[in-house]
Number of protein chains: 2
Amino acid sequence: MTTPGLRERKRQATREALRTAALRLALEHGASKVRVEDIAAAAGVSPRTYNNYFASREQAIVSAVTAGRETRVAAAVARRPPTVRLADAVTEAVVEQYTTTGQHELETLLLITTWSPLRKAFLDASAGIELPLTAAIAARLPDAGAHTARVLAASVAAAVRIAVENWLQPAGDDTSPEGFDTGGLVVPFGSLTDQLGTALAPLAPAFDAAEEQAHPEA
Amino acid sequence: MTTPGLRERKRQATREALRTAALRLALEHGASKVRVEDIAAAAGVSPRTYNNYFASREQAIVSAVTAGRETRVAAAVARRPPTVRLADAVTEAVVEQYTTTGQHELETLLLITTWSPLRKAFLDASAGIELPLTAAIAARLPDAGAHTARVLAASVAAAVRIAVENWLQPAGDDTSPEGFDTGGLVVPFGSLTDQLGTALAPLAPAFDAAEEQAHPEA
DNA sequence: TAGCATACCTGCGTGTGCGCAAGTTTGCGT
DNA sequence: ACGCAAACTTGCGCACACGCAGGTATGCTA
């Protein structure tokens with residue numbers, strides 16, 4: 001692993017500075033009170049540059065929580081031995097990464113769940129696993145159809161999104177009234193591990209079929 | 001005075017970081033042992049960027065000492081009331097700036113005098129006053145010939161260079177054997193104020209003549 | 001409800017940093 | 001004295017940050 005060169009290191013440093021500044025300011029002053037201008041100033045860059053890194057004000061905040069999760073999930077999949085079913089490898093990898101790195105501080109989690117734009121951005125962030133995961137799955141299915149890996153990865157991302165959505169079931173959200181109401185507050189509904197398992201289960205046959213086609217067994 | 005904008009502020013910050021890093025490293029490890037790469041790394045930029053700011057390894061070090069002197073001399077000239085002779089205004093301004101801001105720490109001064117490439121760079125730095133000084137002189141001679149101010153400013157720069165050169169009379173330099181020999185060490189020779197006065201004196205008639213032509217008195 | 005102000009986000013031109021490669025100088029070891 | 005290696009300096013192309021201007025959403029006030 002070679003050193004990425006000064007340009008790339010500064011890039012990552014700026015990303016990280018924006019992330020931490022956004023989260024800090026959101027915790028200090030409330031998520032809805034933080035302006036892009038403030039985050040940029042705290043990170044030492046121009047507001048324009050902020051939008052070169054993040055497309056919305058919320059992305060930087062959620063990025064502080066989800067940082068690197070995309071590549072870690074993919075790496076976790078690649079780490080499983082080829083002997084385990086691909087469906088299991090993916091599920092285990094997702095659960096592993098979402099449960100070990102997911103729960104920073106309770107305060108941060110509440111910050112995200114309490115403001116609906118942040119919740120939305122948090123859910124959208126799960127789509128980020130699609131590309132890295134595509135590569136990891138493709139490595140396991142070298143002979144599969146051209147788009148098989150992409151479709152499977154995108155499906156996993158969608159399933160994860162739904163799992164997290166259910167987990168963060170917002171109280172008073174009439175489209176899913178089973179949420180736990182705590183006076184306007186939003187609380188996790190059930191265990192994240194269970195939600196992920198349930199959401200990913202329906203995809204297992206698709207993985208099995210793709211694997212079957214790739215390595216037709218005797 | 002408006003805020004110069006983020007881009008310009010970062011520029012100046014980089015300049016300053018390079019200056020201080022260069023001086024610090026030179027004091028710590030010896031001037032001849034400092035590589036451009038080290039200075040750049042300490043300032044957080046690439047070696048290529050160092051040479052965007054300074055044309056030689058020595059310039060950053062001397063720049064740490066002469067920082068801003070160019071504009072301050074010009075400002076000091078502009079500050080004198082129009083009633084005083086231009087020749088006196090310039091001389092006073094030069095002496096004022098070179099004696100009040102010139103002597104940082106003795107250690108730094110020795111650093112510069114002990115290594116001849118640094119001495120040379122230090123002397124070359126005096127040419128930097130030419131452009132700002134041109135503007136200041138031109139402001140006092142609005143009706144003079146097109147190049148008069150430039151010529152006078154360049155002459156002042158040359159005179160200053162000679163004054164400083166005499167002041168730093170290197171021991172054992174055969175071209176000027178009157179230096180004070182201290183076993184290979186280089187020591188100031190006479191007072192800087194005197195040297196500047198002596199070097200600038202021959203230019204006074206030129207200033208007087210230019211002023212005369214600009215404001216023909218009764 | 002209409003108008004207005006604030007903040008967000010994006011497109012575009014320009015300035016600057018980075019990386020690389022080439023030519024040169026400097027100092028050292030053979 | 002010669003060759004070699006390390007360091008310096010500069011030209012060039014590319015990537016990124018900045019500043020500005022324009023279009024949109026959101027919230028407040030009259």
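Here is how names work: the chains are called A, B, and so on, in the same order as the sequence lines, proteins then strands, and each is numbered from 1.
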d(CG, Asn51(A); C1', dA7(C)) in whole Å: 11 Å
In whole angstroms, the gap separating P of dT16(C) from CG of Asn52(A) amounts to 18 Å
Whether the side chain of Tyr50(A) engages the backbone of Ala55(A) through a donor-acceptor N/O pair (distance < 3.5 Å, no angle test) should be reported. no
Counting side-chain heavy atoms from CB outward, which of dC18(C), dC8(D), dC8(C) is closest to Val36(A)? dC8(C)
Regarding Thr14(A), tell me which of base, sugar-phosphate or nothing describes its non-hydrogen contacts under 4.0 Å with the strands shown. nothing
From CD1 of Ile39(B) across to C1' of dA7(D) the rounded distance in Å is 12 Å
Result for 5'-nearest mapping on DNA chain C, choosing between Tyr50(A) and Arg11(B), is Tyr50(A)
To the nearest Å, give me how far apart CD (Glu37(B)) and P (dA6(D)) are. 12 Å
Validation row: Glu130(B), Arg150(B) side chains within 4.5 angstrom (heavy atoms): yes
Distance, rounded to the nearest Å, where Phe54(B) contributes CZ and dT10(D) contributes P: 13 Å
Could you check whether any side-chain N or O of Tyr98(B) sits under 3.5 Å from a backbone N or O of Val73(B), counting only pairs where one atom can act as donor and the other as acceptor? no
OP1 or OP2 of dG19(D) less than 4.0 angstrom from a side-chain nitrogen or oxygen of Arg48(A), does that happen here? no
Give a yes/no answer on whether the side chain of Arg35(B) brings an N or O atom under 4.0 Å of OP1 or OP2 in dA6(D). no
Is the shortest side-chain heavy-atom distance between Thr20(B) and Leu23(B) below 4.5 Å? no
Just the rounded figure in Å: distance from C1' of dA17(D) to CD of Glu8(B). 14 Å
Atom CZ of Arg57(B) and atom P of dA7(D) are separated, to the nearest Å, by 10 Å
To the nearest Å, how far apart are Lys10(B) NZ and dT16(C) C1'? 11 Å
Over all strands shown, is Tyr53(B) touching base, sugar-phosphate only, or nothing at heavy-atom distances under 4.0 angstrom? sugar-phosphate
In short, Ala74(B) meets Ala136(B) closest at the heavy-atom pair O-CB, 3.7 Å
